[in-house]
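Hydrogens, waters and symmetry mates play no part in the numbers below; they use all other heavy atoms, side chains included.
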Amino acid sequence: MTDLHPVRRALISVSDKTGLIELGQALEARGVEILSTGGSAKALRDAGVAVKDVADVTGFPEMMDGRVKTLHPMVHGGLLALRDNDAHVASMDEHGIGAIDLLVVNLYPFEETVAKGADYDTCIENIDIGGPAMIRAAAKNHAFVNVIVDVQDYDTLLAELDGNEGQTSYAFRQRQAQIAYARTGAYDAAVSSWMAGALELEAPRRRAFAGELKQTLRYGENSHQKAAFYTDGSNRPGVATATQLQGKELSYNNINDTDAAFELVAEFDPAVSPAVAIIKHANPCGVAQGATLVEAYQKAFDCDRTSAFGGIVALNQPLDAETATKIVEIFTEVVIAPGASDEAKEIFAAKKNLRLLLTDGLPDTRAALTAYKQVGGGVLVQDKDVGYVGMDDLKVVTEKAPTDAQMQDLLFAWKVAKHVKSNAIVYVKDQATVGVGAGQMSRLDSANVAASKAERMAAELGLDESLAKGSAVASDAFFPFPDGLLEAAAAGGTCVIQPGGSMRDQEVIDAANEAGLAMVFTGMRHFRH
């Protein structure tokens, strides 16, 4: 096997016609004979490119609504034959099989069809058979055959041909083969995942996972870890689909924290009120609603000004100039929002390192998603926590019932607690967090951490009493003992929202009654590890 091999004959069969004409013209200009099928052949021929129909090569017409056209020895023999194997060459000569040096195929738009909500039969018809078969054949024989599956690689191919006098190198063919196998793997993963959902299989025997590279990262959580960012094709509004207007390239931690911030702020309906979430190390250090976006930002910032430094800011409404002016007063890593005014963009432009991401929408926080977590030797799979609790879902369990205002703060605190690492305790007053305790080994510790933050910020703001005085308190899981509840009461909490379900619920309820607290149960917990 020699390293360089010429491209004399190509087979082109694409669903996505982007760049097809230009590619066909470029290959023809380089003396490459072109075989093609159906719509691809027509498009090329209409553009004046000389094309031979695959049906003329195989001696069989396309049939069964196009299901059978390339599944033929004249095609697969031309892709799979080893050019340096005398027996293979003899078989090609005996049966009149011409070598195919280049395969250009992109597949039926199965993922797009599913995304549009097509019915079962339509999705089935958009499962490509001949395309993956040819791709796999060409990729297997990459010692001699080039395979291109992405429109973005057309120019790469032409540059390779021009750099090698119409030939391609083995290294080039290897790289394209890897891309090709990844594409067919992702395609099969999309089909199998869709079928599992269509059949309502909660735990299919086999699962396939796939992604497309969006960005190679400088490093992972730490500088000695390699990392990359892949998209899953879902087009969910967020960090994966956002447009970055300015600032340095996002890091692994930036991406993780920005996702956490945007998913949290999306819990708050922008039609109801502006909301802002400030995140540090994937935990909220301030979340608030306000009459205006700048008011919401200030309230969120005043929960924990120390942690907000170098944090991530997420908005549920487009960034305006007034809010942008406040944000740039301190160092902020990333701001993510559904949009931004021209004035806000100009203000941010003066801060070259501040990353601004625009998403053109908010994610649906109640849409069903699948979450994956790798463990040693396996992968944990679960539904994403899209649990929702409304006013009608709450059960008052104490002698005192929350007031309407307290109930609104309790529901706000509950939404935030869902996005705080367990054990989570959140103090809220007037639709703004005033203390957040995250990731502690006991609920009592989390209550203490949240209370100490509320006291520290009160001192920083020049107030005489803790921010937690008169607050609503959320616990992401039940209180196993009264101690955590009583700590929250001592910090100034007046009402509590928690799942309930402990063997000591009555003991906790009795303690709440004795402390004069109002308490509601949700019947749902929000562990987040």
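In this structure, Y219 has no ring pair (Phe, Tyr, Trp, His ring centres under 6.0 Å) partners at least two apart in sequence or on a different chain. By the salt bridge (Lys or Arg N to Asp or Glu O under 4.0 Å) test, R45 is found to be paired with D53, residues two or more places apart in sequence or in another chain being considered. Evaluation of the ring pair (Phe, Tyr, Trp, His ring centres under 6.0 Å) rule for Y372 yields F209 as partners, not counting sequence neighbours. Contacts of D409 classified as salt bridge (Lys or Arg N to Asp or Glu O under 4.0 Å), with partners at least two apart in sequence or in another chain: none. The ring pair (Phe, Tyr, Trp, His ring centres under 6.0 Å) check on F268 picks up F412, with sequence neighbours excluded. In terms of the salt bridge (Lys or Arg N to Asp or Glu O under 4.0 Å) criterion, residue partners of R236 (sequence neighbours excluded) are, by chain and number, E263. Every side chain to side chain donor-acceptor pair (under 3.5 Å) that S475 has, sequence neighbours left out, goes to R443.
For residues 265-274, the salt bridge (Lys or Arg N to Asp or Glu O under 4.0 Å) pairs, not counting sequence neighbours, are E267-K418. Within the structure, side-chain hydrogen bond (donor to acceptor under 3.5 Å, both in side chains) pairs that include any residue of residues 373-384 do not occur (at least two apart or interchain). Applying the ring pair (Phe, Tyr, Trp, His ring centres under 6.0 Å) test to pairs two or more places apart or on separate chains, none has a residue in residues 36-55. Note on residues 271-293: no pairs pass side-chain hydrogen bond (donor to acceptor under 3.5 Å, both in side chains), not counting sequence neighbours. For residues 179-199, the pairs satisfying side-chain hydrogen bond (donor to acceptor under 3.5 Å, both in side chains) are E111-R183, with sequence neighbours left out.
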Requested in this report: Determine, stepwise, if the pair N106 / D150 fulfils side-chain contact (heavy atoms from CB on, under 4.5 Å).
Outcome: CA-CA 7 Å; N106 55 56; D150 292 327; over 6 Å; no
Query - Pair V420-V436, side-chain contact (heavy atoms from CB on, under 4.5 Å): steps then yes or no - result: CA-CA 8 Å; V420 178; V436 179; 4.0 Å; yes
Query - CA sep, side-chain torsions, deciding dist, call: Y252, Q215, side-chain contact (heavy atoms from CB on, under 4.5 Å) - result: CA-CA 10 Å; Y252 181 100; Q215 178 185 343; over 6 Å; no
Requested in this report: Before giving the answer on side-chain hydrogen bond (donor to acceptor under 3.5 Å, both in side chains), spell out for S234 and D232 the whole-Å C-alpha distance, their side-chain angles and the decisive distance to 0.1 Å.
Outcome: CA-CA 6 Å; S234 66; D232 62 10; 2.7 Å; yes
Query raised in the report: Where do Q498 and T522 land on the side-chain contact (heavy atoms from CB on, under 4.5 Å) test, with the steps shown first?
Result: CA-CA 6 Å; Q498 61 135 318; T522 65; over 6 Å; no
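Looking only at side-chain heavy atoms (C-beta outward), V104 and S13 stay at 4.5 Å or farther from each other. The closest side-chain heavy-atom distance from I34 to V49 is below 4.5 Å. Residues T433 and V426 have side chains in contact (heavy-atom distance under 4.5 Å, counting atoms from C-beta outward). A heavy-atom distance below 4.5 Å is found between the side chains of W414 and P499. Contact check for E249 versus R355: no side-chain heavy atoms found under the 4.5 Å cut-off. Side-chain contact between I127 and E125 is absent, with no heavy-atom pair separated by less than 4.5 Å. Between F348 and I327, the closest side-chain pair of non-hydrogen atoms falls below 4.5 Å. Side chains of L20 and I12 form a contact here, defined as non-hydrogen atoms less than 4.5 Å apart.
Formation of a donor-acceptor pair under 3.5 Å by the D364 side chain with backbone atoms of R366 is found in this model. For the pair E33 (side chain) and E28 (backbone), a donor-acceptor distance under 3.5 Å is absent. N316 places a side-chain N or O within donor-acceptor distance of the main-chain N or O of A275, the cut-off being under 3.5 Å. A side-chain donor-acceptor contact under 3.5 Å links T323 to the backbone of V294. Looking at S15, its side chain never comes within 3.5 Å of a backbone N or O of Y108 through a donor-acceptor pair. Looking at E22, its side chain never comes within 3.5 Å of a backbone N or O of Q25 through a donor-acceptor pair. When atom types are taken as modelled, the side chain of N423 and the backbone of S446 share no donor-acceptor pair closer than 3.5 angstrom. Listed for the H419 side chain is no donor-acceptor partner under 3.5 Å among the backbone atoms of V416. For Q152 (side chain) and T156 (main-chain N/O), no donor-acceptor pair under 3.5 Å exists by modelled atom type. Listed for the D101 side chain is a donor-acceptor partner under 3.5 Å among the backbone atoms of R9.
In terms of heavy-atom proximity, L362 sits nearest to P338 at CD2-CG, 3.9 Å. What you find for V32 and V7 is that their closest heavy atoms are CG2-O, 3.4 Å. Closest approach of A296 to P274, counting heavy atoms only: CB-O, 4.0 Å. In terms of heavy atoms, A228 sits closest to L213 at CB-CD1, 3.8 Å. Heavy-atom minimum distance, A300 versus V276: CB-O, 4.0 Å.
Here D119 contributes atom CG and T122 contributes atom OG1; the two are 3.5 Å apart, rounded to the nearest 0.5 Å. Separation of atoms CG (L161) and CG (L102) is listed at 7.5 Å; rounding is to 0.5 Å. Taking CG of L250 as the reference point, atom CG of N256 lies at 12.0 Å (rounded to 0.5 Å). Note that CD of Q246 and NZ of K345 are 10.5 Å apart. Values are rounded to the nearest 0.5 Å. In this structure, CG on L319 lies 11.0 Å from OH on Y297, to the nearest 0.5 angstrom. Here the CG-CD1 distance, from D259 to I279, works out to 10.0 Å after rounding to the nearest 0.5 Å.
Between the side chains of N146 and Q176, no donor-acceptor pair is found at a separation under 3.5 Å. Between D476 and S422, the side chains place a donor N or O and an acceptor N or O closer than 3.5 Å (distance only, hydrogens not considered).
Atom CZ of F527 has more than 12 neighbouring heavy atoms from other residues, nucleotides or ligands inside a 6.0 Å radius. Atom NZ of K42 has 12 or fewer neighbouring heavy atoms from other residues, nucleotides or ligands inside a 6.0 Å radius. For N222, the CG atom is densely surrounded, since the number of other residues' heavy atoms within 6.0 Å is greater than 12. Other residues, nucleotides and ligands contribute at most 12 non-hydrogen atoms within 6.0 Å of the CZ atom of R136.
A side-chain contact (heavy atoms from CB on, under 4.5 Å) with V334 is found for one member of V313, L356, T258, L354 and no other, namely T258. Checked options V147, L103, I135; the residue passing with L79 is L103 (criterion: side-chain contact (heavy atoms from CB on, under 4.5 Å)).
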